[in-house]
Novice: 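After the structure tokens below, expect a handful of questions from me.
Note that these values count all heavy atoms, side chains included, but never hydrogens, waters or copies made by symmetry.
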Amino acid sequence: MLDLGRNLFVAMLGLGGGLAVGSGLVSLLIILDLIPRLAQLGNAYRKSVWFETAVTAGALFWTVADFMNWKLYLPNQLVMPIAGVLDGLFVGLLAAALTEVMNVLPILAKRMSLSRHIAALVWAMVLGKTAGSLFDWLYYQW
């Protein structure tokens, strides 16, 4: 009987943690308008349901894959570049959405009198992030 109570407690704890993390992710996606912005960038307003379905299906699929301990046996030389590009796209979109929501660039440009050089400021941030990431991946991690 004690073992059943412990298992029930662990199951409820896992469910509660999953609900908290899932709610946080959904609220972040809603607040940042990430999916509508992707539809806007791709001129695919009518297909925004596909973006939402892809996010939901991906979350469900990888949750089941994690629970079932599925493994893919693919060569690292094939998987790592693809995973790196997809991770970079996600982080870049998230950072761009956060920057846009918080209006960081216009405020920074106005306070530092850089309004005429906003494109150079954006490129400096992009190239700095890229250089830092490459240094971390290629030098520091090895």
Side-chain angles (χ1 to χ4, degrees), residues 1-112 114-115 117-142:
M1 187 66 177
L2 183 62
D3 197 36
L4 177 66
R6 183 177 296 159
N7 288 342
L8 186 61
F9 173 73
V10 170
M12 295 303 289
L13 189 64
L15 182 64
L19 285 172
V21 170
S23 299
L25 177 66
V26 168
S27 66
L28 188 67
L29 289 174
I30 289 172
I31 289 171
L32 296 179
D33 278 344
L34 207 55
I35 293 174
R37 291 190 195 285
L38 284 174
Q40 180 183 13
L41 288 173
N43 285 332
Y45 295 111
R46 294 184 178 150
K47 296 181 182 178
S48 64
V49 170
W50 287 99
F51 290 109
E52 296 165 357
T53 304
V55 169
T56 305
L60 288 174
F61 176 80
W62 289 110
T63 299
V64 170
D66 187 38
F67 278 132
M68 300 298 178
N69 204 18
W70 292 348
K71 299 204 184 310
L72 286 174
Y73 296 101
L74 297 172
N76 284 342
Q77 293 81 8
L78 175 70
V79 174
M80 294 307 285
I82 295 170
V85 167
L86 292 175
D87 285 346
L89 284 170
F90 176 76
V91 170
L93 283 170
L94 193 61
L98 276 172
T99 303
E100 187 176 327
V101 166
M102 296 176 64
N103 289 327
V104 170
L105 292 180
I107 292 170
L108 181 67
K110 184 178 178 184
R111 291 201 179 161
M112 296 181 69
L114 294 174
S115 297
H117 306 290
I118 194 80
L121 180 64
V122 171
W123 273 107
M125 289 171 35
V126 167
L127 293 175
K129 176 68 176 168
T130 303
S133 296
L134 287 173
F135 174 77
D136 182 51
W137 294 332
L138 299 176
Y139 179 77
Y140 188 70
Q141 294 293 326
W142 293 97

Novice: Going from NZ on K129 to CG on L134, what distance comes out if it is rounded to the nearest 0.5 angstrom?
Specialist: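 It is 11.0 Å, given to the nearest 0.5 Å.
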Novice: Counting only heavy atoms not in F90, do more than 12 fall under 6.0 Å of its CZ?
Specialist: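 No, not enclosed.
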Novice: First locate atom CD1 of I82, then atom CD of Q77, and finally report the distance between them rounded to the nearest 0.5 Å.
Specialist: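 Answer for the CD1-CD pair, I82 versus Q77, is 12.0 Å.
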Novice: Minimum heavy-atom separation for I35 and S48, please, with both atom names.
Specialist: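 So the two residues come closest at CG2-O, 4.1 Å.
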Novice: What is the distance from atom CZ of F61 to atom CG of D66, rounded to the nearest 0.5 Å?
Specialist: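 F61 atom CZ to D66 atom CG measures 11.5 Å (nearest 0.5 Å).
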Novice: What distance do M12 atom CE and L19 atom CG have between them, rounded to the nearest 0.5 Å?
Specialist: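 These two atoms lie 9.0 Å from each other.
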